[in-house]
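Take a look at the structure below.
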Amino acid sequence: MDFDLSEEQRLLKESVDGLLADAYDFDARKKYMKEKGGWSKALWGKLAEQGLLGLPFAETDGGFGAGAVETMIVMEALGKALVVEPYLATVVVAGGFLRHGGSAEQKAKYIPGIIDGSKTFGFAQLEKNSRYDLFDVVTTAKKKGDGWVIDGEKFVVLNGENADTLVVTARTKGGQRDKAGIGVFLVPADAKGVTRKGYPTQDGLHAADITFTNVEVGADAAIGDPENGLPLIERVADEARIALCAEAVGAMDESLKETVEYIKTRKQFGVAIGSFQSLQHRAADMFVALEQARSMSMFATMASDFADAKERSSAVAAAKVQVGKSLKFVGQQSIQLHGGIGMTMEAKIGHYFKRLTMIENTLGDTDYHLRRVSEGGGLLA
């Protein structure tokens, strides 16, 4: 199988790498984090200008019709640069719901704003006791005339503090853990009854806890079938996990480079600590873990087009398991080889470790996905 990038994909990689190399060093990142909402509107505009926000959308919707490989390329670059802008929440997740389940009217209303960078989104899914189960939903959406009334609470909504529109999962019928009766709704973030409490997360991003109190939306707010939205949610969640795997590979790649460079220059007993064979072996083990994660990330990227939802889900879960194991090892070794300085806010390597830790716990940690693989009889069973 040929894993080489096509000419167009290679040019995309060079383009996004070049943009971030110029605009996103560590000092710039710290400056962007202090802006309102925790990220740079100017940098977001540059991503839009280069067409990166429109990559996965169909040409008929104003996008470029790119696929999962192109998203992987962008997410890996974002991981290397520790980008805090809401690409995952807006382009991958909200864009995924619109691409796979949105009506023509919804696509026409929302996709242009994503592509030109004028609108961002948040995915309001996680609830107080739901853990990683996408079907565990207490928030309700009840019919009122042709529209809906939404009530409930959502937690750790990435970009929820700054989003223009929220993609909300809500139960239209059934009990808390029923897999049927779940819908997906587009809710204006400034709608009456929406209360947001924003805060920074440990990796430098921003999230919000959001309360919905008698929030009224129209019939056009529902994406797809409001009583059978779980398959759509699972598909988009898998695409988000694939994107997270690629981001983790980028972050691990840069962590390894930073660590190798550090042990080449850090001296102890009059010589560079990188000359000690035991540390060389540890760096080599980090490289192996990175390449294992890269291989599974590529496999998951290809699996995104699997027609069989169970087969796709099993492949993505297996990738999340390997990436979770690799990022933990690479992150911990990076910190230890840096010594005490790796624990400071001034050291870039600590920020990579924090982001990797958050990725491991987003949309299912390693243990959760290991159970999914085992139950599905998949690759790692």
Side-chain angles (χ1 to χ4, degrees), residues 16 19-20 22-50 52-55 74-75 77-98 109-126 153-168 185-212 215 240 243-244 247 251 345 348 351-352 354-355 357-359 361-363:
V16 66
L19 169 63
L20 296 177
D22 291 338
Y24 227 99
D25 61 20
F26 189 46
D27 288 335
R29 180 182 190 263
K30 289 188 285 187
K31 182 181 70 175
Y32 297 155
M33 288 167 59
K34 295 178 182 178
E35 295 189 23
K36 183 180 178 181
W39 51 272
S40 169
K41 311 305 180 291
L43 191 280
W44 189 248
K46 290 182 179 179
L47 296 179
E49 288 172 9
Q50 288 210 0
L52 300 178
L53 306 186
L55 273 180
V74 173
M75 288 300 299
L78 299 183
K80 286 182 179 181
L82 279 177
V83 169
V84 294
E85 281 65 35
Y87 194 91
L88 179 73
T90 298
V91 178
V92 177
V93 177
F97 278 110
L98 291 168
K109 180 178 179 180
Y110 292 103
I111 290 179
I114 295 177
I115 293 174
D116 66 19
S118 62
K119 302 296 181 183
T120 64
F121 289 70
F123 180 35
Q125 176 267 323
L126 188 66
E153 292 180 290
K154 299 289 185 176
F155 297 89
V156 199
V157 179
L158 289 180
N159 194 48
E161 178 183 11
N162 202 53
D164 300 285
T165 304
L166 302 169
V167 180
V168 184
F185 300 87
L186 291 160
V187 180
D190 60 356
K192 183 180 179 181
V194 175
T195 304
R196 298 186 281 182
K197 180 182 178 182
Y199 48 85
T201 53
Q202 70 162 0
D203 55 352
L205 276 63
H206 277 240
D209 296 340
I210 304 178
T211 302
F212 301 88
V215 179
L244 285 166
E247 183 185 354
M345 291 298 291
K348 188 177 181 180
H351 294 260
Y352 278 111
K354 289 180 179 181
R355 179 58 191 149
T357 301
M358 289 294 284
I359 288 174
N361 287 281
T362 301
L363 291 173

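The figures that follow rest on heavy atoms only: side chains count, while hydrogens, waters and symmetry mates do not. All values derive from a computational prediction rather than experimental measurement.
Note: T211 OG1 to K197 NZ = 9.5 Å, rounded to the nearest 0.5 Å. Rounding to the nearest 0.5 Å places CD1 of I114 at 5.5 Å from CG of L98. L158 contributes atom CG, which lies 6.5 Å from atom OG1 of T201 (distance to the nearest 0.5 angstrom). Rounded to the nearest 0.5 Å, atoms CZ (F123) and OG1 (T90) are 13.0 Å apart. Of the inter-residue distances, the one linking F155 atom CZ with I210 atom CD1 reads 10.5 Å to the nearest 0.5 angstrom. We find the CG-CG distance between L52 and L78 to be 8.0 Å, quoted to the nearest 0.5 Å.
No side-chain heavy atom of T165 sits less than 4.5 Å from a side-chain heavy atom of K119. Put simply, the side chain of W39 reaches to within 4.5 Å of the side chain of N159, judged on heavy atoms. Looking at W44 and L53, their side chains come closer than 4.5 Å, going by heavy atoms from C-beta outward. Between L186 and K109, the closest side-chain pair of non-hydrogen atoms is not below 4.5 Å. No side-chain heavy atom of V74 sits less than 4.5 Å from a side-chain heavy atom of V91.
Contact detail for P200 and H206: the closest heavy-atom pair is CB-NE2, 3.9 Å. Among all heavy-atom pairs drawn from A77 and L20, the shortest one is O-CD1, 3.5 Å. The two residues E161 and A208 make their nearest non-hydrogen contact at N-CB, 3.5 Å. Here the closest heavy-atom approach between residue V156 and residue D209 is recorded as N-OD1, 3.1 Å. Closest of all the heavy-atom pairs between A243 and V92 is CB-CG1, 4.1 Å. Between L43 and A23, the shortest heavy-atom contact is CD2-CB, 3.9 Å.
Around the NZ atom of K30, the shell of radius 6.0 Å holds more than 12 heavy atoms that belong to other residues, nucleotides or ligands. Taking a 6.0 Å sphere around NZ of K41, one finds it holds more than 12 heavy atoms contributed by other residues, nucleotides or ligands.
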For a side-chain contact (heavy atoms from CB on, under 4.5 Å) check, start with the C-alpha distance between M358 and L205, then their side-chain angles and the critical distance, and finish with the verdict. CA-CA 10 Å; M358 289 294 284; L205 276 63; over 6 Å; no

Output, in order, the C-alpha distance, side-chain angles, deciding distance and verdict of side-chain contact (heavy atoms from CB on, under 4.5 Å) for V215 and F185. CA-CA 11 Å; V215 179; F185 300 87; over 6 Å; no

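Distance alone, capped at 3.5 Å, places no donor-acceptor pair between the R29 side chain and the G204 backbone.
Y352 pairs in a side chain to side chain contact (heavy atoms under 4.5 Å, CB included) with only one of the listed residues (K348, R355, K354), which is K348.
Side-chain N/O atoms of Y24 and E85 include a donor and acceptor closer than 3.5 Å.
Ring geometry for F121 versus Y110: interplanar angle over 60°, hence perpendicular rather than tilted (30 to 60°).
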